[in-house]
Number of protein chains: 2
Amino acid sequence: MQFSKSTDYALHALVHLGHSERCNNVGIKELSSALGVSESYLSKIMSKLRQDGIVRAVPGVNGGYELARPADQISFLDVIQVIEGRQQLFECSNSSSRQHRLLAEEGAAGRDQKRPGKNECLVEKVMNGAEQHLHQYLQEHTIQSVLDEAFKRCSHEVNKK
Amino acid sequence: MQFSKSTDYALHALVHLGHSERCNNVGIKELSSALGVSESYLSKIMSKLRQDGIVRAVPGVNGGYELARPADQISFLDVIQVIEGRQQLFECSNSSSRQHRLLAEEGAAGRDQKRPGKNECLVEKVMNGAEQHLHQYLQEHTIQSVLDEAFKRCSHEVNKK
DNA sequence: TTATTATGGATACTATAGGTCCATATTAAT
DNA sequence: ATTAATATGGACCTATAGTATCCATAATAA
Ligand code: SF4
Ligand code: SF4
C-alpha cells in the first residue's frame with residue numbers, strides 16, 4: 001500500500017510548473033532534467049495529466065506544458081486520482097461468503113425491503129470512512145500550498161541577512 | 001493504491017474469531033469455509049497474524065486460532081500494518097534531483113546547522129500528514145467495534161418481533 | 001517548409017500479489 | 001507411546017501492475 005512513483009513524479013512536475021508560471025511553457029526536457037526522470041516516462045505521465053485537464057500542452061517550437069488552472073485549484077487528491085485511478089481503497093472480494101451474511105445482511109433481510117441489499121457492510125463502512133478522511137485531507141492541500149511554504153522559507157532566508 | 005485481498009481476509013478472519021470467542025479454538029477449515037478462501041492461502045495469513053501477536057495458534061486435535069488479546073485492542077491499523085507492512089504511504093524516490101534542492105534544502109542550508117539536512121521536505125510533509133490522519137482513524141476502529149455494530153443490528157431485529 | 005515538441009502504440013523488464021502443494025513439527029486425545 | 005489432527009514454512013507457479021524505453025506520427029510555431 002504505497003503511492004506509486006508516478007504520483008511522486010506528477011506532483012513534482014506540477015510544483016515545477018507552478019513555480020515557473022509566468023514564464024513560457026515548460027518543455028519535457030526541462031522537466032525531465034529537473035526531476036531526474038527520463039523524458040519518455042515523464043511524458044506519459046504528463047499526457048495523463050493533460051487528458052484529465054490538469055495541464056495544457058502545446059507541441060511545436062517553444063511548446064511545452066503549463067497548468068490548466070491556478071495552482072490553488074489543483075489538489076493533491078486530484079493528482080493522485082489521475083495517476084492512481086479512482087478505485088476505492090478497499091474493495092470487498094468475497095461478498096458471497098458466509099461471513100458476508102453475518103456482517104451485511106443479517107438483521108436487514110426482513111426489516112427493509114425498500115433498500116434491496118443496499119445495506120452497507122460493516123467492514124466496508126470502516127474502510128470507506130478511512131478513505132473519506134484521507135480524501136478530505138488531500139483535497140485541502142494544493143500545489144499552491146506547497147509553493148507558499150517554499151516561499152515562506154525563502155523569505156526567512158532573506159530576512160536573516 | 002488499494003489494500004490487498006490479504007488484508008480483507010485477515011480482517012474477516014479476525015471478526016470471525018472475535019465472534020466465536022467463548023467457544024473453543026477455530027480451525028483453519030472452519031475459517032476457510034466461512035470466508036470462502038482456500039485453506040492454504042488463509043493459513044499463510046494467519047501465520048503472519050500469529051507472528052505479530054494478533055492471534056494465538058495451537059496445533060493438534062481440536063487446535064486452531066484464537067485472538068491473542070481482547071477484540072477492542074485489535075485495531076484496523078494493527079491488522080493492516082501486519083499484512084501490508086509498515087512502509088510509509090509516500091516514499092520520496094528522487095531526493096537528489098534539482099527539484100529537491102528547491103523544496104527541501106533552499107533556505108535551510110545557511111540557516112540551521114543544528115539539524116543536518118533534517119529539514120522536512122514540503123511534499124513529504126503533506127503526504128506524511130495524510131498518512132497520520134489515516135492511521136489515527138484506523139487506530140480508533142477495532143474488531144470489537146465491528147462486532148458491536150453487528151450486534152446492534154441483530155437486536156433491532158429481535159425487538160421488532 | 002522546417003525544426004521542435006507532444007502523443008500514443010508496442011514492447012520489455014521487474015516486483016508484488018495471489019495462490020497451490022507438500023513435507024515437517026507440534027499438540028491433544030486415546 | 002501412538003495416532004490423528006492441526007499449524008508451519010519452504011518451494012513453486014501465475015497473473016497483474018508498475019516502471020521504463022523506443023519509435024513513428026501528429027501538431028504547432030517560427
Ligand atoms: S461483510 Fe462486507 S467486506 Fe465482508 S464480504 Fe460482506 S460486503 Fe464484503
Ligand atoms: S522535494 Fe521532497 S519529495 Fe521531492 S525529492 Fe526532495 S525530499 Fe523527495
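A, B, ... follow the sequence lines: proteins, then strands. Residue 1 opens every chain. Keep in mind the model is a prediction, meaning the values are calculated, not measured.
You'll find that the side chain of Y65(A) is closest to dT7(C), out of dA20(D), dT7(C), dT5(C). For N62(A), counting side-chain heavy atoms from C-beta on, the closest listed nucleotide (dA7(D), dA30(D), dT7(C)) is dA30(D). Listed candidates were dT5(C), dC21(C), dT19(D). Nearest to the side chain of S40(B) is dC21(C). If you check dT7(C), dA30(D), dA6(C) against the side chain of V61(A), the one that comes closest is dA30(D). When distances are taken from the side chain of S47(B) to each of dA7(D), dG8(C), dT8(D), the shortest belongs to dT8(D). Listed candidates were dT19(D), dA6(C), dA7(D). Nearest to the side chain of K5(A) is dT19(D). For S4(A), the listed nucleotide lying nearest its side chain is dG18(D); candidates were dT8(D), dG18(C), dG18(D). Listed nucleotides dT8(D), dG18(C), dT7(C) differ in distance to S6(B); the shortest reach to its side chain belongs to dG18(C). Which of dT8(D), dG19(C), dT4(C) sits closest to the side chain of R50(B) comes down to dT8(D).
When the options V58(A), N62(A), V55(A) are evaluated for a side chain to side chain contact (heavy atoms under 4.5 Å, CB included) with N25(A), the one that passes is V58(A). Of the residues V37(A), L35(A), L11(A), L31(A), the one that meets the side chain to side chain contact (heavy atoms under 4.5 Å, CB included) test with Q99(B) is L35(A).
A straight line from CD of E84(A) to C1' of dA17(D) spans 11 Å, rounded to a whole angstrom. With rounding to whole Å, E91(B) atom CD is found 11 Å from dT16(C) atom P. One can place CD of E39(B) at 12 Å from C1' of dA5(D), the figure rounded to the nearest angstrom. Between E66(B) atom CD and dT6(D) atom C1' there is a gap of 15 Å when expressed in whole angstrom units. As rounded to whole Å, 9 Å separates atom C1' of dT5(C) from atom NZ of K29(A). Taking atom CD1 of I45(A) as the reference point, atom P of dT7(C) lies 13 Å away to the nearest angstrom. Between M46(B) atom CE and dT26(C) atom P the separation is 20 Å, expressed in whole Å. Atom CD1 of I28(B) is separated from atom C1' of dT26(C) by 16 Å (rounded to the nearest Å).
Along DNA chain C, the nucleotide nearest G60(B) and the nucleotide nearest I83(B) are compared for position; the residue whose nucleotide lies closer to the 5' end is I83(B).
F3(B) comes within 4.0 angstrom of nothing in the nucleic acid, heavy atoms only.
Aromatic ring centroids of H133(A) and Y137(A) lie 6.0 Å or more apart.
The phosphate of dA17(C) has neither OP1 nor OP2 within less than 4.0 Å of any side-chain N or O from Q2(B). Of the side-chain N and O atoms in Y9(B), one or more sit less than 4.0 angstrom from OP1 or OP2 of dG19(C). Side-chain N/O atoms of S38(A) include none lying less than 4.0 angstrom from OP1 or OP2 on dA20(D).
Defined by atom type and a distance below 3.5 Å, a donor-acceptor pair is present between the side-chain atoms of S75(A) and D78(A). Side-chain atoms of S32(B) and Y41(B) include no donor-acceptor pair closer than 3.5 Å. Under the 3.5 Å distance criterion, with hydrogens and angles disregarded, no donor-acceptor pair is assigned to the side chains of Q132(A) and Q136(A).
The base of dG10(D) sits with one of its N or O atoms less than 3.5 Å from a complementary donor or acceptor on the side chain of K44(B).
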